[in-house]
Structure formats: C-alpha cells, structure tokens
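Reviewing the structure listed below.
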Amino acid sequence: MTQPRGQWSGRLGFILAAAGSAIGLGNLWKFPYMAYENQGGAFVLIYIVAVLAVGIPIMMAEILLGRRYQKSPVGAFLRAGADKVGGKLWAGVGFLGVTAGFVILSYYSVVAGWTIHYILMAIAGKLGELARQPELLQNHFVNEFLQNSRLQITYHLVFMALTTAAVYFGVKRGIERVARYLMPILFGILFFLLIYSATTPGFGRAIGFLFQANFAAVDRYGFLEAMGQAFFSLSLGMGAMLTYGSYMNRSGSIPKSTLQISALDTLIGLVACVIMFSIIFSFDMEIQKSSSILFTTLPTVLVQLPGGNWVNGLFYLLIAFAALTSTISLLEVVSSFAIDELKWSRRRATLTMGSSIAVFGILNALSNGASAPLSTFNPLGRSSTAGVFGTLDFLAANWFLPVGGLLIALFVGWFLGRRDAREELEAGHGVMTGFGVWRFLIRFVAPIAVAAIIVSVILGYEYQ
Ligand code: TRP
C-alpha cells in the first residue's frame, strides 16, 4: 500500500518551507563570520555573483527534476536517467545527496542544540548575568559548555526529536506547518534587530564594510568559500530542493519561486551581517575568534538593551527557529529516500533515520568533546580541519555539495533534453523569457565554475 505523495498546500507553503530550509545557521552564523574574515565588500559581491550565476540555475534544475519525476533524489535520478547514457548510474547522485544529508544533519544538529542551552539560560536569568561580564560568558562557553559533552548531547537529542517530530507529521501537517509558524516570527525578530542596529553608531561603518569592495582582501580561497557558501546557504547540491520540489503543484511557477527563495536567503544573510557588524563596530569589540561571535560577543552587547536578558533569549530563539526549519529539510531528504525507494511508511522512515542520525551525532559530539579547544574549533569554517565537526563540514561544503551540484547541472544541462526542461520550467509559469539564459548558465557557467572550485580545492589544500 503506497500512500499518495504529500503536497504543499500551495505556492506560499512551498516558498516558506524552501526558504526555511535555506535560511539557517549558514545565514546567521557562517555567512557573517566568513564575510568578516574576508573583509566584507568584495567577498559579498563574489557571493552574490555566485548565487546569480550558479546557485539560482542549479536551484531551478533541482526543483524541476523533483517536480517532473515526483520522487526524492535517488528515485528521481533513477527515473530521469533510465533512458539516458549512464542509466542507473545517475542514481549515484541521489545516494551522494542522501549521504550528505545524513552527515550534515549529524553535526548541524549538535550546533543547533547549543541555542537551546542559551535559551534556557535566558529563561533562568543566567544569560543576562554572564553577558554583563564578557570574560564570564567567554569562559562559560569555552571552558564549561564546550567541555561538557553530556549537556551538548542532551540538547542535540532534543533538537533531533523536534526535527523528527516535524518530519513525522508529513509534508503539509508537519514540514509546512512548522515553516508557516516559524518563518514569520523569524522575519519579525530579525527586523526588530535590524532596526535596533540602525540606531547604533556602528551602523554606517557596517554598511560601508559590507558594500565597499576591496578585492585585494580576497585571496583565491575567498572565491572558493563564497561559492561553497552559496551552495550551503541555498541548500543545494544534495537534493533538498529537489525533494521539496517533488511536493510542488504543477500550477506553481518554478522560476518565480526560485528567485523568491534565493532573494530571501541572500537578504537574510546580509541582514545578519548588518546586525552583527553594527554591534561589533559600535562597541569596538575585540574579535578573537570570529566563528564564536555568535555565542560570546553578541550577547554581551544585546544585554545592554532594556530587558537585555530577554532580548538575548529572543535572539537565540530566532537562531533555533532558523536551524529547525533547516534540519527538517535535511531529515526529509534522508527519510523520503526510505519512503520512496525502500517503501517504508513515513512513520518507520522518520523514526529510524532520525534516531540513526541522532546516534551518529552523539559520536561526533563525543569525539569532539573535551579535546577541542576553541582556538582550533571552528565547526562551520574552512580553516578548521581540526575537530570532527570541522572535518565533516569541510567534507560536506567543499566536496559533497559542489560535486553533487556539478552532476546535477551536467545532467539537467546535457542529458535531460531541452524540451523536457523547458516544459517543466514553463508549467505553471507560462513562456519563460529567460530560458535561454538559464540554459546557458546550467550548461556552461555553473559546471565550469564549480569544476574550477573543485580543482583548486584539490590543488590548493594539498600543499597548505
Ligand atoms: N541552508 C541551510 C543553512 O544555511 C543548511 C541546509 C539545510 C542545507 N538543508 C541543506 C545545506 C541541504 C545543504 C544542503 O543553514
């Protein structure tokens, strides 16, 4: 007995769920500190070019594959590739995606769990106290919290339970519903923080930092990072958008949805930068480790607002919400593989996959544990091959996602056929004037750019 395939209630439901997947720790944490490390302007510009030239075309390709073949990545490639050169081998792209989803979720959820700790501390009134004395908070985060694997594991399990529960209830009643509640709240909190940051003296400098390009400050790894970050932030390269696209109605427009999702995701990344940089520049904070700004520096500033302890709590709630709609999409990719290909029930798939990933995450947290001082501990960054999170994130962002994205671009650009692609992109949209541009980007620009990254990763990192 196979159940009918889940569907979004409409285009808004799809947009909110997909934007929920895209907007996450990648926007609120990783993008600001990468932009900071790469001196702002030029990096931001390169990032935007990467989104336009590579990210958007690949997102359209993923969504169209999902909607056309009505399966998650493995099944979609099995069907789509059946009559093409390579045949069943194309399913490998799907397997790569499922594996990537498993791996990314196992460390992402641990980091997401940290926000629960901060929310609970705010509720207990303790966060305000610690944040009033920066050394205390720094000490708490580095020497107490990060050393306490048991606590981190507990929060990771809570986060995985929330994720699993949402996915368990299915496309409309679980995934979409959570996004419908959380995304507007998230936009609201961010807007509030943006307004606040505009009143701080560092606001002007933050804007200048973000939008004045200084290309001398970006080395070739800056280019790589910008590109990898575009994949990560837009949830591309492993079939998450493909899976969400498979629940989309044929009366909705893929090009329009893609542009809206990408614009929202990029906007939120930029807003996060404005907020953080305004604060940093206003208070002349000394940044020791940019990747820990989120858990050490920002609270010490926010606490100075009226009701500071609560403002801080709200801030971590925002991050938790953003992370939850992202972890949901990661689990959905893995679960829908079991549902589509192994013919499991949604219940069995979500519980089995959710708990396996939870266990794998525990192993990560344990092996990271006490042995990783913050100086080498940089969970989502490039320079951090140290630590289990760093290694896994490095593998995912620099290998799985770009390789997956490259193969998706090649398949859709060179194997799928112009007519099929056009038909799917125009269903629910009407004549697509930019089709030629899209096709040029997906056939030439995206594959060449991504291949260039992969090659320089191979050449560069080996000799570092
Ligand atoms: N895009 C999310 C973020 O920016 C993370 C994420 C969710 C993701 N699903 C994904 C990354 C699928 C790659 C692929 O935090």
Side-chain angles (χ1 to χ4, degrees), residues 15-16 18-56 59 182-215 217-218 222-236 258-282 285 287 290-291 293-294 297-298 301-302 315 318-319 321-323 325-326 380-382 397:
I15 300 271
L16 287 176
S21 166
I23 298 166
L25 296 174
N27 306 60
L28 302 178
W29 182 12
K30 201 175 169 182
F31 185 62
Y33 86 69
M34 285 177 117
Y36 186 81
E37 279 175 2
N38 287 290
Q39 312 281 310
F43 178 84
V44 171
L45 200 65
I46 296 165
Y47 176 82
I48 290 174
V49 172
V51 169
L52 291 173
V54 179
I56 289 179
M59 190 184 292
L182 298 193
M183 296 310 285
I185 302 179
L186 189 147
F187 295 140
I189 302 179
L190 263 179
F191 187 70
F192 164 78
L193 290 171
L194 179 65
I195 300 293
Y196 164 65
S197 70
T199 68
T200 61
F203 184 71
R205 221 180 114 196
I207 300 285
F209 184 81
L210 268 179
F211 298 107
Q212 272 162 24
N214 166 17
F215 280 94
V218 183
F223 279 81
L224 300 182
E225 288 197 330
M227 185 82 117
Q229 173 63 11
F231 272 99
F232 189 84
S233 187
L234 294 169
S235 298
L236 298 177
T258 300
L259 291 180
Q260 289 167 340
I261 298 160
S262 314
L264 268 179
D265 184 67
T266 307
L267 188 73
I268 301 284
L270 291 173
V271 166
C273 286
V274 171
I275 295 172
M276 285 209 193
F277 298 156
S278 299
I279 290 177
I280 291 168
F281 294 147
S282 300
M285 317 250 33
I287 303 301
S290 53
S291 60
I293 296 176
L294 200 60
T297 312
L298 280 188
V301 177
L302 292 178
F315 177 66
L318 155 80
I319 300 167
F321 284 176
T325 48
S326 297
L380 297 175
R382 126 174 84 130

Euclidean distance, Ile268 CD1 relative to Ile23 CD1, rounded to 0.5 Å: 4.5 Å
Name each donor-acceptor pair under 3.5 Å that joins a side chain in residues 196-211 to protein atoms two or more places apart or in another chain, with its distance.
residue	atom	partner	partner atom	Å
Ser197	OG	Leu194	O	2.8
Thr199	OG1	Tyr196	O	2.5
Thr200	OG1	Ser197	O	2.6
Thr200	OG1	Ser282	OG	3.3

Minimum heavy-atom distance Phe315-Leu193, with the two atoms named: CD1-CD1, 3.5 Å
OG1-CG distance between Thr325 and Leu182, expressed to the nearest 0.5 angstrom: 6.5 Å
With Ala18 via side-chain contact (heavy atoms from CB on, under 4.5 Å) - residues at least two apart: Phe14, Met241, Tyr244, Ile261
Side chain proximity check, Leu294 to Tyr33, heavy atoms < 4.5 angstrom: no
Closest contact, heavy atoms only, Phe31 versus Gly269: CD2-O, 3.5 Å
Ala50 versus Met227, closest heavy-atom pair with distance: CB-SD, 3.8 Å
Shortest non-hydrogen contact from Ser326 toward Gly20: OG-O, 3.3 Å
Atom pair CZ/CD of Phe215 and Gln39 - distance to nearest 0.5 Å: 13.5 Å
side-chain contact (heavy atoms from CB on, under 4.5 Å) involving Phe191 - partner list, sequence neighbours excluded: Ile195
Partners meeting side-chain hydrogen bond (donor to acceptor under 3.5 Å, both in side chains) with Ser21 (sequence neighbours left out): Ser235, Ser329
Leu302 side chain reached by Ile279 side chain, heavy atoms, under 4.5 Å: yes
Ile56 and its side-chain contact (heavy atoms from CB on, under 4.5 Å) partner, picked from Val51, Leu234, Leu236, Thr266: Val51
Set of side-chain hydrogen bond (donor to acceptor under 3.5 Å, both in side chains) partners for Gln260, sequence neighbours left out: Arg11
For Ala323, side-chain contact (heavy atoms from CB on, under 4.5 Å) partners two or more places apart: Leu25, Tyr108, Ala112, Phe159
From CG (Leu264) to CG (Leu16), nearest 0.5 Å: 8.5 Å
Residues forming a ring pair (Phe, Tyr, Trp, His ring centres under 6.0 Å) with Phe43, sequence neighbours excluded: none
Side-chain heavy-atom pair Leu190, Ile275 within 4.5 angstrom cut-off: yes
Minimal non-hydrogen separation, Ser233 against Asp265, with atom names: OG-OD2, 2.7 Å
From CD (Glu225) to CZ (Phe232), nearest 0.5 Å: 13.0 Å
Minimum heavy-atom distance between Leu45 and Ala213, given as atom pair plus value: CD2-CB, 4.4 Å
Expected output: side-chain Gln229 to main-chain Lys30 donor-acceptor under 3.5 Å: no
Any Trp29 side-chain heavy atom under 4.5 Å of Ile293 side chain: no
Donor-acceptor under 3.5 Å (Asn27 side chain, Gly24 main chain): yes
